[in-house]
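Reading through the structure tokens given below for one structure.
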Amino acid sequence: MEHEQQEWIGGKHSLLEALRAGRTINKIWIAEGAQKHLTAPIVAEARKLGIVTQIVDKRKLDQMVPDLQHQGVVAQVAPFAYAEVEDLLAAAEQSGRPPFLLILDEIEDPHNLGSILRTAECTGVHGVILPKRRSASVTATVSKTSAGAAEYVPVARVTNLAQTIEQLKQAGIWIVGTDVAAHEDIYGTNIFTGPVAIVVGNENKGMGRLIKEKCDVLVKLPMAGKLNSLNASVAAGVVMYEALRRRAQS
């Protein structure tokens, strides 16, 4: 986990998305001899915004962010700005479409979280909700994996997921849980066209018992093979795209 006060973004795409989305960037470092086609658009954008850029030895970047594939560009950014659940509902209202939210119950792998955010942005999800505890948070790795989508999908972090689900229910949103043991499969249900929040559980354990009990409907992905465990981000993607398809038809 990155330290809350200091967060790093590496790589051309993540950095450009962060710049364009108006993230607060403190400083940008660029490796000597980094390829011009990677760095030129970043330097131009940074100059426009008055952000300090410094040319340094590539080894310094490797030391600063040992776990990032930075492509020779690294930025220090203010910590990710999480939204409130109310902001997510407001975003849905502004879109003029029924709310389409995603609730992630203890997704632990930052790469999974990044992939899920990327698909959420592509499928028109109005916002993503995750718990503060036992969950990956939006760090540089997540930003890199989501190719910048983390800058466009509002993400809310809540202390109590069960309470938040109650709040969504009171706002007229149906809570749809994905569960391998469900009777109904995602292609047989007509739930997706209205106001929905889709719950995706932990990579290994699935949804917690309390959260499962709070769901209005449980659906499963039909499995033709013997393996009962699609990667969490793949499973979430399939459900999001099916929801998108149904919503487009209606």
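Predicted model, so just to flag it, every value in this text is computed and none were measured.
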- [ ] Considering non-hydrogen atoms only, spot the tightest contact between G201 and T178 and give its length.
- [x] N-OG1, 4.4 Å
Task: Single-linkage hydrophobic cluster, 4.5 Å side-chain cutoff, L68 and V56 together - done: yes
TODO: Output the distance between atom CD (E84) and atom CZ (R157), rounded to the nearest 0.5 Å.
DONE: 12.0 Å
TODO: Go through the structure and list residues passing side-chain contact (heavy atoms from CB on, under 4.5 Å) with I186, not counting sequence neighbours.
DONE: F192, V219, L221, P222, V238, V239, E242
Task: Heavy-atom side-chain proximity of M240 to I116 below 4.5 angstrom - done: yes
Open item on the list: If you compare all heavy atoms of A120 against all heavy atoms of V128, which two are closest, and at what distance to 0.1 Å?
Closed with: CB-CG2, 4.2 Å
TODO: Find out whether T39 and T53 are in side-chain contact, i.e. whether some heavy atom of one side chain is under 4.5 Å from a heavy atom of the other.
DONE: no
TODO: Please report the shortest heavy-atom distance between F100 and G124, naming the atom on each side.
DONE: CD2-O, 3.8 Å
TODO: Please list, chain by chain and in numerical order, all residues satisfying side-chain hydrogen bond (donor to acceptor under 3.5 Å, both in side chains) with E32, sequence neighbours excluded.
DONE: none
Task: Shortest non-hydrogen contact from C215 toward M207 - done: SG-SD, 3.9 Å
Task: D87 side chain near P154 side chain, heavy-atom distance below 4.5 Å - done: no
TODO: Would you please name every residue forming a side-chain contact (heavy atoms from CB on, under 4.5 Å) with D109, sequence neighbours left out?
DONE: H111, N112, E203
Open item on the list: Do L101 and W174 land in one hydrophobic cluster if side-chain heavy atoms of ILVMFWY residues count as linked below 4.5 Å?
Closed with: no
- [ ] Identify whether L104 and L88 are in the same connected component of the hydrophobic contact network (ILVMFWY, side-chain heavy atoms under 4.5 Å).
- [x] no
Task: Path from L210 to V176 over hydrophobic side-chain contacts below 4.5 Å - done: no
Task: Student check: side-chain heavy atoms of I129 and V158 closer than 4.5 Å - done: yes
Open item on the list: Can you tell me if Q249 has over 12 outside heavy atoms packed within less than 6.0 Å of its CD?
Closed with: yes
Open item on the list: Let me confirm one number: the OG-CD distance from S14 to Q71, rounded to the nearest 0.5 Å.
Closed with: 8.0 Å
- [ ] Give a yes or no on whether the backbone of N26 and the side-chain of Q76 come within a donor-acceptor separation of less than 3.5 Å.
- [x] no
TODO: Would you mind listing every side-chain hydrogen bond (donor to acceptor under 3.5 Å, both in side chains) that reaches into residues 95-107, with sequence neighbours excluded?
DONE: S95-H126, E106-R134
- [ ] Kindly compute the distance separating OG1 (T164) from CD1 (I103), expressed to the nearest 0.5 Å.
- [x] 8.0 Å
Open item on the list: Checking R209 now: which residues fulfil side-chain hydrogen bond (donor to acceptor under 3.5 Å, both in side chains) with it, not counting sequence neighbours?
Closed with: E213
- [ ] Tell me, please, which residues at least two apart from L244 pass side-chain contact (heavy atoms from CB on, under 4.5 Å).
- [x] T123, Y241
Open item on the list: What verdict does the side-chain contact (heavy atoms from CB on, under 4.5 Å) test give for V85 and L168, after you've listed the backbone C-alpha separation in whole Å, the side-chain angles of each residue and the deciding distance to 0.1 Å?
Closed with: CA-CA 9 Å; V85 174; L168 294 176; 4.0 Å; yes
Task: Residue pairs involving residues 179-201 (criterion side-chain hydrogen bond (donor to acceptor under 3.5 Å, both in side chains); sequence neighbours excluded) - done: D179-K212, N190-R246
Task: Which residues share a side-chain hydrogen bond (donor to acceptor under 3.5 Å, both in side chains) with R20, sequence neighbours left out - done: none
Task: Contacts of type side-chain hydrogen bond (donor to acceptor under 3.5 Å, both in side chains), residue E86, not counting sequence neighbours - done: Q167
- [ ] Kindly work out whether a path of hydrophobic side-chain contacts (I/L/V/M/F/W/Y, heavy atoms less than 4.5 Å apart) joins I175 to L102.
- [x] no
TODO: Rounded to the nearest 0.5 Å, what's the gap from CD1 on I107 to OG on S233? Could you check?
DONE: 8.0 Å
Open item on the list: Going by ring pair (Phe, Tyr, Trp, His ring centres under 6.0 Å), name the pairs with one or both residues in residues 26-58, residues two or more places apart or in two chains.
Closed with: W8-W29
Open item on the list: Testing the basics here: between V200 and A232, what is the closest heavy-atom pair and its distance to 0.1 Å?
Closed with: CG1-O, 4.3 Å
- [ ] Heavy atoms only: give me the nearest Q163-N160 pair and the separation to one decimal.
- [x] N-OD1, 2.9 Å
Task: Pairs flagged by salt bridge (Lys or Arg N to Asp or Glu O under 4.0 Å) wherever residues 161-170 is involved - sequence neighbours left out - done: E166-K214, K169-D216
Open item on the list: Can a donor-acceptor pair be found, under 3.5 Å and without considering hydrogens, that links the side chain of R247 to the backbone of G194?
Closed with: yes
Open item on the list: To the closest 0.5 Å, what do you measure between CD (Q63) and NZ (K58)?
Closed with: 11.0 Å
Task: Sub-4.5 Å side-chain heavy-atom contact between I51 and L19 - done: yes
Task: Side chain to side chain, H70 and L15, heavy atoms closer than 4.5 Å - done: no
Task: Straight-line distance of N202 CG to E108 CD, nearest 0.5 Å - done: 4.5 Å
TODO: Tell me, please, which residues at least two apart from K48 pass salt bridge (charged side-chain N to carboxylate O under 4.0 Å, His left out).
DONE: E45
